[in-house]
Amino acid sequence: MFDTWLPLLGGLILLVAGGDLLVRGAVQVAGNLGVSPLVIGLTLVGFGTSTPELVTSVQAALIGSPGIAYGNIVGSNIANILLIVGASAVLFPIVVTSAALKRDAMVMVAVALGFAVLAASMPLGRVVGVAFIAALMAYVYTAFRQERRATAAGNGASHGEGHGAVYDKSEALQQADPGTVPAGNAGLGRQLFLPLAIALAGLVLVVLGGNFLVSGAVTLAQSWGISDTVIGLTIVAVGTSLPEFVTSVLAAIRRQGDVAFGNIVGSNIYNILGIGGATALIAPGTVPAEIVSFDNLVMIAVSLLLVLFAWSGLRIARWEGAVLAAGYAAYVYAIWP
C-alpha cells in the first residue's frame, strides 16, 4: 500500500507545486516582454489552475488509460460544482452576477452537452481535439474583447458588472497567489533568465508529477480490484482540482462570491475544451462506456442544477451549498463499487 500511495500523493504535490512555478515563471516572462496584463490573466493565469488536469489526462491517455484521462476531466467538473461550490457556499453564500450567468454559465452547460453528445457518438479524435481547442480560443478571445470594452466603459472598477468567468478565474488565482501577478517590468537579459528557469523547473515538476500520479492511480485500481475509471472520476479528479478548491474557498472567505462562482464556471469550460481537446489531439481515443452512460449525464445535470440555484435570487445560499456537497457524497457512493 505504501508503494501505491507514495507515488499518488507525491505526484499530486509535484503537480500542484510545479503548476504554480510554471505559471509564476511564464507570467513574469510575459510581463517582462510587455504583454498586456489582461492577456496574461486570461491566458497564462486563467489556464494555470487547470495545468494538473491537463498533464494528468494527456499522460493517462498516452499510456492507454482513457478511464483516468476522461474520468479526470468529467470527475473534476462534477467535483468543481458539487464539492467546491458546495463547500464555498456553506462557508459564505455566493452572490452571482447576471452577466456571469448569461455569458458563461450557459456556455458551461453547452460545452458539457456537446462533450456528452460527441463522446456517445464517436471516438474523440484529432478533428474533435482541434475543434475543441479552436472553440476555447474563440471563447477566450470573446472574453478578452468583452473585458477590454468593459474597462474602456469604466465598468472595470465595479467588480462583477463587466467581468466574466475567465477573468474571475484568473483573479481568483492571483488573489490566492500574488506571485502570479505580472511584475510589469519590461526588459530582457537577466529579467528573463530567472523567470524562464522557474517556468522550466515547474514544467519538469508537472510532467514528473503527472507521471507519478497516473502510475499510482493505475496501481491503486489494480490493487483494489476496481476500474481505473472510478479512480479517475474520484481520487484523481479531486486531487487535480485542489487549486480550484483553494482559490474558490479563499474567494468565498473574502466575500467575493462572484469570483468563486466564475472560477468554477471558467474551470469547467477550460477542462472540457482545453484539456479534452488537448487529450483528443495528442492521444485520440474513445471515452469509456461507463462515463458515457452515467457520469456525463451527471455532469450535465449538476451543471443545470448550478445554473438553477444561481438564477434563483442571483445567489447560492448555504442550504443550496449543503445540497450540492451532499450530492457529491451521494455521487461517490453511487459509482464506488
Side-chain angles (χ1 to χ4, degrees), residues 1-29 44-73 75-77 79-80 83-84 169-170 172-174 176-180 194-224 228 230-250 263 267 270-271 274-276 278-279 282-283:
M1 187 61 68
F2 180 79
D3 293 336
T4 300
W5 284 102
L6 182 61
L8 197 68
L9 296 177
L12 281 174
I13 293 172
L14 289 176
L15 274 173
V16 174
D20 181 63
L21 289 176
L22 178 60
V23 174
R24 282 172 174 250
V27 164
Q28 296 311 320
V29 168
L44 297 175
V45 179
F47 200 69
T49 54
S50 296
T51 304
E53 285 102 330
L54 173 64
V55 174
T56 300
S57 288
V58 170
Q59 291 201 2
L62 285 173
I63 68 168
S65 295
I68 294 177
Y70 290 106
N72 179 41
I73 295 169
S76 290
N77 278 21
N80 282 347
L83 181 61
I84 298 178
K169 179 173 167 58
S170 66
L173 180 58
Q174 287 176 333
D177 184 0
T180 59
L194 182 57
L196 274 174
I198 292 173
L200 289 174
L203 179 61
V204 171
L205 292 180
V206 165
V207 173
L208 287 174
N211 184 49
F212 284 136
L213 178 62
V214 171
S215 63
V218 171
T219 304
L220 183 64
Q222 292 173 346
S223 63
W224 283 5
D228 59 357
V230 172
I231 297 296
L233 287 163
T234 53
I235 295 175
V236 174
V238 171
T240 57
S241 294
L242 287 177
E244 281 86 0
F245 183 85
V246 172
T247 53
S248 286
V249 168
L250 286 177
N263 179 41
S267 294
Y270 270 96
N271 284 348
I275 299 170
T279 302
I282 297 172

Legend entry - Spacing of OG1 belonging to T56 relative to CD1 belonging to I275, to within rounding of 0.5 Å: 8.5 Å
Inset, instruction - Ignoring hydrogens and angles, tell me if any N or O in the side chain of T240 forms a donor-acceptor pair with the backbone of A237 under 3.5 Å. - result: yes
Inset, instruction - Answer whether the closest heavy-atom distance between the side chains of V207 and Q59 falls below 4.5 Å. - result: yes
Legend entry - Nearest atoms (heavy-atom pairs only) where L15 meets V206: CD2-O, 3.4 Å
Legend entry - Heavy-atom pair with the smallest gap, counting every atom of I282 and L62: CG2-CD2, 3.9 Å
Legend entry - Closest non-hydrogen atom pair, L22 against A199: CD1-O, 3.3 Å
Legend entry - Pairwise distance OG(S65) to CD1(I231) - rounded to 0.5 angstrom: 11.5 Å
Inset, instruction - Keeping to residues at least two apart or across chains, list the side chain to side chain donor-acceptor pair (under 3.5 Å) pairs with something in residues 12-23. - result: D20-R24
Legend entry - Pair N72-S57, side-chain donor/acceptor within less than 3.5 Å: yes
Legend entry - Closest heavy-atom pair and its distance - A61, A69: N-CB, 3.8 Å
Inset, instruction - Establish, from distance only, whether the side-chain atoms of S76 and N271 form a donor-acceptor pair under 3.5 Å. - result: no
Legend entry - Minimum side-chain heavy-atom gap L220-W5 below 4.5 Å: yes
Inset, instruction - Would you indicate whether the side-chain heavy atoms of V230 and W224 approach each other to under 4.5 Å? - result: no
